[in-house]
There are 2 protein chains.
Amino acid sequence: MSHDGEPTPRRRRDAGMTREAILRSALTAFTRFGYDGVGVREIAQKAGVTAMLVNRYFGSKEGLFAEVVDVALAPRTVVGDDLSTLSRDAAAALVAKTAPEAESLDPFLLLLRSAANPRAAEILREGTQRHVERHLKSMVTGAHDAERTALFLSVIAGVWLMRKVIGNTALAEADPAVLSRHLEAMFQTLAEPAPDARTAPTAGDG
Amino acid sequence: MSHDGEPTPRRRRDAGMTREAILRSALTAFTRFGYDGVGVREIAQKAGVTAMLVNRYFGSKEGLFAEVVDVALAPRTVVGDDLSTLSRDAAAALVAKTAPEAESLDPFLLLLRSAANPRAAEILREGTQRHVERHLKSMVTGAHDAERTALFLSVIAGVWLMRKVIGNTALAEADPAVLSRHLEAMFQTLAEPAPDARTAPTAGDG
DNA sequence: AAGGCATGTATACAGTCGTAGACATAAGGC
DNA sequence: GCCTTATGTCTACGACTGTATACATGCCTT
């Protein structure tokens, strides 16, 4: 059935280990079903404990989710760390991760499937701004780096949504090379500081 | 709500009108809170009706959602109908609709906030492929038109997500002109048939 | 070995969920 | 006029939710 998530037979009493087990269980559950789509009993059961232990260690379901978001986004290296190949690497990685055969457990899925809940959305906003953007922004430099970074994330999230959450047929069955090419082109327009503003600048309409 | 003389205007018994009232109430509720974030009682109450009438007219909550998706996506004109100005118009419209001050009730919000539920995701996939893509694809022509159309929608959905659902600060507070410029550039890469394929067309179609 | 405390469990509560079945009411045909 | 029937309501059920309180258990220190 499943390799992970089955109720462990027994565990030597260890607060740290138990906490981590709950955290791992919650990470996979929240990523697959979203904040509102999973209950604390389900999370606890797959961690081999009772539901109340979740509240003991994390205060509440919301507290657990906050910590899950934190650990999910903390070690995040969106793509490689070289700006010169950022567009190509990001496009290739995104296409590969969102491939139909690849059943992935990506932070973007956590984001997409939990964003409907207002509190979860707050936590996710805080988390993304605290972790991911700071990392990505170190590569995206130039004018409006924050906006371009956020747009970068937007495109990635959008592809994740349509391809894996909604399951759009055209995207799911698309030739990876074709997708990579278009995504790389779009990422390139974001990597460059400004796409030549011949459009009206801020002051006055041209 | 209304503490007037007549608390409930008590609409004259009309199946069509009642059905439509439920449908409208459901559309706004699902768009604002998502499929799992709203109950049939709440929808019914804002329509001035009992919860059971929802099931009578739509079979179930799922059936109601399916019809909501249908009416939300049916008259959809994503942008203008001119391909030459598609990129610019789409970018401008997207930035305007997702502005922080504009509290909009857009089908993309319905999509984003209900996608976590598997059944809702199915319905949304079917709906988007049936309505929106067919319309957009009539403008996006050339090789891989389906993939490019889907990527188009992905970018739009991603911006909606980050800007209005997550509430990313950089995007929310961004200069509309800056966003429009970058989005227009990205849309342009999708409007053009192919961004110079260095990959050999192994399985040449088209 | 025994007590103490961290660790984990069991039970329960107050609420919401979707919806099934029985009942009430008003509208329209005769 | 009455009677049929579409239209709408009421009640309730079983399942589920998050979590607070009370209880049990095992590990560690003394």
Side-chain angles (χ1 to χ4, degrees), chain A residues 7-26 29-30 32-69 113-114 116-120 122-123, chain B residues 1 6-26 29-30 32-69 113-114 116-120 122-123:
Chain A
T8 46
R10 192 83 167 287
R11 192 203 330 272
R12 180 179 172 77
R13 283 194 168 182
D14 186 334
M17 286 296 181
T18 304
R19 227 188 101 100
E20 205 170 314
I22 296 175
L23 212 46
R24 276 200 312 268
S25 171
F30 282 142
R32 301 212 299 183
F33 310 114
Y35 182 82
D36 286 331
V38 66
V40 289
R41 285 174 177 82
E42 187 178 348
I43 293 174
Q45 193 221 332
K46 294 203 175 180
V49 295
T50 46
M52 274 317 296
L53 217 56
V54 172
N55 276 27
R56 167 116 63 198
Y57 280 130
F58 300 93
S60 65
K61 184 187 182 184
E62 184 179 310
L64 172 62
F65 181 76
E67 194 139 337
V68 164
V69 169
R113 290 206 241 255
S114 300
N117 186 287
R119 279 298 295 128
E122 270 186 61
I123 295 169
Chain B
M1 266 278 177
E6 283 83 351
T8 310
R10 198 78 130 148
R11 131 184 71 248
R12 178 178 174 81
R13 284 193 170 183
D14 185 334
M17 286 298 179
T18 305
R19 226 188 102 101
E20 203 171 318
I22 296 174
L23 212 47
R24 275 200 313 269
S25 171
F30 283 142
R32 301 213 298 184
F33 310 114
Y35 182 81
D36 286 330
V38 66
V40 290
R41 285 173 176 85
E42 188 177 348
I43 294 174
Q45 193 218 333
K46 294 204 174 180
V49 176
T50 319
M52 274 316 296
L53 216 57
V54 172
N55 276 29
R56 169 115 67 196
Y57 279 130
F58 300 93
S60 63
K61 183 187 181 183
E62 184 178 312
L64 171 62
F65 181 76
E67 194 139 337
V68 164
V69 168
R113 290 207 242 255
S114 301
N117 186 287
R119 278 299 294 128
E122 270 186 61
I123 295 170

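In what follows, every chain begins at residue 1, and chains take the letters A, B, ... in the order their sequences are listed. What you are looking at is a predicted structure, and each value in this text was computed from that prediction instead of being measured.
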Please report, rounded to the nearest Å, how far the [atom2] atom of [N] is from the [atom1] atom of [X].
X     : N      : atom1 : atom2 : answer
B:I43 : C:dT19 : CD1   : P     : 11 Å
A:N55 : C:dA12 : CG    : P     : 19 Å
B:L53 : D:dA6  : CG    : C1'   : 11 Å
A:Q45 : C:dT9  : CD    : P     : 12 Å
A:I22 : D:dG18 : CD1   : P     : 14 Å

>> B:R13: which residues meet the side-chain hydrogen bond (donor to acceptor under 3.5 Å, both in side chains) condition with it, sequence neighbours left out?
In response: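 Scan of B:R13 (side-chain hydrogen bond (donor to acceptor under 3.5 Å, both in side chains), adjacent residues dropped) gives none.
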> Taking only Watson-Crick and G-U wobble pairs with both distances under 3.5 Å, what dot-bracket line describes DNA chain D, where [ ] shows pairs that cross earlier ones and | shows pairs with another strand?
Replying inline: ||||||||||||||||||||||||||||||
>> Within the 4.0 Å heavy-atom criterion, would you say B:F58 contacts the bases, only the backbone, or no part of the nucleic acid?
In response: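 If one applies the 4.0 Å heavy-atom cut-off, B:F58 turns out to touch nothing in the nucleic acid.
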> If you look at every strand shown and take non-hydrogen atoms under 4.0 Å, does B:V49 touch a base, only sugar-phosphate, or nothing?
Replying inline: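 It contacts sugar-phosphate atoms only.
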Choose from [options] the nucleotide whose nearest atom is closest to any side-chain atom of [X].
X     : options               : answer
A:M52 : D:dT7, D:dT19, D:dC10 : D:dT19
A:T50 : C:dT7, C:dA10, D:dG8  : C:dA10
A:R13 : C:dT9, C:dG21, C:dG8  : C:dG8

> Looking only at heavy atoms, what is the nearest atom pair of B:S25 and B:I43, with distance?
Replying inline: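 Here B:S25 and B:I43 meet closest at OG-O, 2.8 Å.
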>> Pick the closest DNA chain D nucleotide for A:V40 and for A:R56 by heavy atoms, then say which residue is nearer the 5' end.
In response: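 That would be A:V40.
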> Going by the angle between their ring planes, with limits at 30° and 60°, are A:F65 and A:Y35 parallel, tilted or perpendicular?
Replying inline: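 A:F65 and A:Y35: perpendicular rings.
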Could you grab the distance from atom [atom1] of [X] to atom [atom2] of [Y], nearest 0.5 Å is fine?
X     : Y      : atom1 : atom2 : answer
A:R32 : A:R113 : CZ    : CZ    : 9.0 Å
B:L64 : B:L23  : CG    : CG    : 6.5 Å
B:D36 : B:R119 : CG    : CZ    : 12.5 Å

> Quick check: does any side chain N or O of B:T18 sit under 3.5 Å from a backbone N or O of B:D14, one acting as donor and the other as acceptor?
Replying inline: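 Looks like yes, one N/O pair under 3.5 Å.
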> Under 4.0 Å between a side-chain N or O of A:T18 and OP1 or OP2 of C:dG8?
Replying inline: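 For C:dG8, OP1 or OP2 has a side-chain N or O of A:T18 closer than 4.0 Å.
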